[in-house]
Structures are given as structure tokens and as C-alpha cells.
K.L.:
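Before anything else, here's the structure in question.
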Protein chains: 2
Amino acid sequence: MTRNAAAGSAATDVFAALANPTRRELLRLLLEEGPQPVQRLASHFDMARPSVSEHLKVLRDAGLISEHRSGRERHYRLEAAPLRRVRDWLTPYERFWREKLANLRDLLDEEEPS
Amino acid sequence: MTRNAAAGSAATDVFAALANPTRRELLRLLLEEGPQPVQRLASHFDMARPSVSEHLKVLRDAGLISEHRSGRERHYRLEAAPLRRVRDWLTPYERFWREKLANLRDLLDEEEPS
DNA sequence: TTGACTGGTAGGAAATCTCCTACCTATTCT
DNA sequence: AGAATAGGTAGGAGATTTCCTACCAGTCAA
């Protein structure tokens with residue numbers, strides 16, 4: 001029974017993948033420090049390594065990272081492309097909040113004309 | 001025990017609020033159709049009204065909507081400002097995926113020089 | 001005031017998430 | 001070959017999410 005008539009559900013949802021702070025931190029590490037093996041990623045967290053592996057699986061399923069094997073290591077690399085879905089979703093709201101800001105500025109100009 | 005050393009946790013996390021497709025749909029309705037009472041929002045979903053109320057509470061806690069009472073109705077209005085946090089988070093990745101696209105284009109140019 | 005209507009909250013069931021400790025395979029080193 | 005290392009998977013505990021059905025208070029219309 002598909003109970004979400006709403007939207008989204010890719011194979012796995014990018015929004016859901018981003019909901020967890022540990023996973024956002026993993027993406028940040030990959031962005032700032034480049035591709036790296038699991039242990040190096042895991043060393044940043046106060047969490048058992050298998051748990052990090054599971055977060056990596058969620059990110060992989062969402063297409064946000066890719067795996068590249070090198071000997072017994074597996075290097076994970078950021079794949080930022082799916083984030084375009086988020087950006088695209090965000091765009092119409094951006095226009096909205098800009099208008100609000102403009103309205104606020106107009107209001108301030110009215111009330112306190114220099 | 002705060003177990004997320006990572007990041008994020010505002011009063012309630014905007015990312016977490018966006019993780020649910022029903023809540024994203026609610027935001028879309030408020031964006032496209034403007035402020036409206038709960039029943040009109042709920043009519044779009046195959047879900048009991050109290051459940052919609054709970055989703056609205058999550059959005060309210062994340063600062064994404066505001067409530068305005070008018071008689072026995074409560075009109076909910078989109079408050080897009082917290083989405084800037086998402087936008088700001090996204091920005092460095094945007095640069096990254098643009099570079100990747102540029103690299104791909106360069107590669108194509110090399111392999112198939114017109 | 002009574003009855004209908006709007007919408008929040010309580011309590012609970014079921015599903016899902018997040019973490020853990022084993023445990024497994026594959027690779028590398030000696 | 002045998003030991004050590006990298007990292008995935010299984011199974012499960014506990015927390016959280018998501019939905020439900022009552023049930024409640026406030027507002028409006030008769």
C-alpha cells in the first residue's frame with residue numbers, strides 16, 4: 001500500500017538521507033577532505049564503525065556517494081548531483097522568502113523614513 | 001545524553017521537518033495556494049485530520065509555518081525563512097557539482113573535438 | 001442554550017531509525 | 001600459510017515516527 005500520494009520517493013529519498021546530522025557531517029567531510037576510506041571517516045564520530053557503515057549505505061542508496069575499491073580499502077566519494085533535486089525543490093520558496101524580505105524592507109522604509 | 005556531536009539541532013531541525021513527503025506537500029500547498037485552514041489542507045491527503053495536525057505541528061516547531069486564528073479556524077501560512085539554512089548548507093555542494101559538470105564537459109571536448 | 005463545526009491533544013499500535021555486538025569475507029603482511 | 005587489517009552484514013534493543021481513534025475546548029448559528 002503506497003500511502004504517500006505526496007511526492008519524492010526515489011529509490012531512496014535524498015531528503016530522508018539528509019535528515020540525519022551524522023550523514024550531513026559525512027557529506028561535509030567528503031566535501032572538504034575529499035574521498036577517503038571508511039575508517040578515516042569513522043574516526044570523526046563517537047560511534048562504532050558498523051554504524052557509520054550503515055549511514056554510508058543510506059547515502060549510497062540515495063546516490064550521494066560512490067564507492068571505489070582500492071585493495072582492502074573502500075574509498076567513498078561525494079556525488080553531489082542528487083542535491084540538485086533539493087536545490088530545485090527549494091527554488092520557488094527562495095523567491096517567496098525574498099519577497100517577504102522586500103516587504104519587510106518596504107515596511108521599515110515607511111515607518112522610519114530617513 | 002546528546003549523542004549527535006555532529007551539527008544541526010535547532011529547536012527542531014529543518015532538515016528533519018523536510019524529510020517527510022506529506023510535510024513537503026503541505027509546504028507546497030501553502031506556497032501555491034496561500035494561507036489556508038487545516039481542513040482545506042487535510043482534504044488533499046488520504047489521512048485522518050489529526051495526523052495532518054501533527055505534521056503541521058512539526059512544521060510549526062521548525063518555524064516553517066505560522067498560525068493565525070480567525071474565528072474557529074486557524075490559518076496556516078508559509079514562513080520560508082528557515083529554508084535559508086538549507087540553502088546555505090547546500091551552497092558549497094552546488095559549487096562541487098558544477099565543477100563535476102565542467103569536468104565532464106572538458107572530457108567530452110577532449111574525446112570528441114569538433 | 002443547544003447543536004454543529006474547527007482543530008488540538010492523549011494514548012497506543014505498528015513501522016522505521018539508530019545504534020550496538022558479534023561475525024563474516026577479502027586483502028595484505030610476515 | 002597464518003595473523004592482522006578493512007569493512008560489510010545479521011540480529012536485536014531502544015528510541016522515534018507516523019498513523020489511528022477517541023476525546024477535548026473554543027466558536028458560531030439556531
K.L.:
Between F15(B) (CZ) and dT17(D) (P), how many Å, whole number?
P.N.:
17 Å

K.L.:
On DNA chain C, nearest-nucleotide positions of S70(A) versus S51(A): which is more 5'?
P.N.:
S51(A)

K.L.:
Ignoring hydrogens and geometry, is there a side-chain-to-backbone donor-acceptor pair from Q36(B) to G34(B) under 3.5 Å?
P.N.:
yes

K.L.:
Roughly how far, to the nearest 0.5 Å, is the CG atom of L78(B) from the CG atom of L59(B)?
P.N.:
9.5 Å

K.L.:
Hey, does F45(B) have a side-chain heavy atom less than 4.5 Å from the side chain of H55(B)?
P.N.:
no

K.L.:
If I take atom CG in residue L26(A) and atom P in nucleotide dC19(C), what distance separates them, rounded to the nearest angstrom?
P.N.:
11 Å

K.L.:
From CD1 of I65(B) over to P of dG7(C), roughly how many Å is that when rounded to an integer?
P.N.:
12 Å

K.L.:
Round to the nearest Å and state the distance from L18(A) atom CG to dC17(C) atom P.
P.N.:
14 Å

K.L.:
Write down the distance between CG (D13(B)) and P (dT18(C)), rounded to a whole number of angstrom.
P.N.:
12 Å

K.L.:
Return the CZ to NZ distance between R23(B) and K57(B), rounded to the nearest 0.5 Å.
P.N.:
12.5 Å

K.L.:
Verify the distance criterion only: is there a donor paired with an acceptor across the side chains of Y93(A) and R87(B) at less than 3.5 Å?
P.N.:
no

K.L.:
Counting just side-chain N and O atoms, does N20(B) come under 4.0 Å of either OP1 or OP2 of dT18(D)?
P.N.:
yes

K.L.:
Can you tell me how far P of dT9(C) sits from NE2 of H55(B), to the nearest Å?
P.N.:
15 Å

K.L.:
More than 12 heavy atoms of other residues, nucleotides or ligands under 6.0 Å from CZ of R95(A): yes or no?
P.N.:
no

K.L.:
Over how many whole Å does the gap from D46(B) atom CG to dC20(D) atom C1' extend?
P.N.:
13 Å

K.L.:
What about E54(B): does its side chain form a donor-acceptor pair under 3.5 Å with the base of dC19(D)?
P.N.:
yes

K.L.:
Can you check nucleotides 3-8 of chain D for protein contacts, nitrogen or oxygen pairs under 3.5 Å, and list what you find?
P.N.:
{"residue": "dT5(D)", "atom": "O4'", "partner": "R72(A)", "partner atom": "NH1", "Å": "3.3"}
{"residue": "dT5(D)", "atom": "O2", "partner": "R72(A)", "partner atom": "NH1", "Å": "3.2"}
{"residue": "dA6(D)", "atom": "OP1", "partner": "Q39(A)", "partner atom": "OE1", "Å": "3.3"}
{"residue": "dA6(D)", "atom": "OP2", "partner": "Q39(A)", "partner atom": "OE1", "Å": "3.1"}
{"residue": "dG7(D)", "atom": "OP1", "partner": "V38(A)", "partner atom": "N", "Å": "3.1"}
{"residue": "dG7(D)", "atom": "OP1", "partner": "R74(A)", "partner atom": "N", "Å": "3.2"}
{"residue": "dG7(D)", "atom": "OP2", "partner": "Q39(A)", "partner atom": "N", "Å": "2.9"}
{"residue": "dG7(D)", "atom": "N7", "partner": "R49(A)", "partner atom": "NH2", "Å": "3.1"}
{"residue": "dG8(D)", "atom": "OP1", "partner": "Y76(A)", "partner atom": "OH", "Å": "2.8"}
{"residue": "dG8(D)", "atom": "OP2", "partner": "S53(A)", "partner atom": "OG", "Å": "2.3"}
{"residue": "dG8(D)", "atom": "N7", "partner": "R49(A)", "partner atom": "NH1", "Å": "3.1"}
{"residue": "dG8(D)", "atom": "O6", "partner": "R49(A)", "partner atom": "NH2", "Å": "3.0"}

K.L.:
Starting at atom CE of M47(B), determine the distance to atom P of dT21(D), rounded to an integer number of angstrom.
P.N.:
12 Å

K.L.:
How many angstroms lie between atom CD of E67(A) and atom CZ of R77(A), to the nearest 0.5 angstrom?
P.N.:
11.5 Å

K.L.:
Looking at the side chain of R23(A), which of dC20(C), dT18(C), dC20(D) is the nearest nucleotide?
P.N.:
dT18(C)

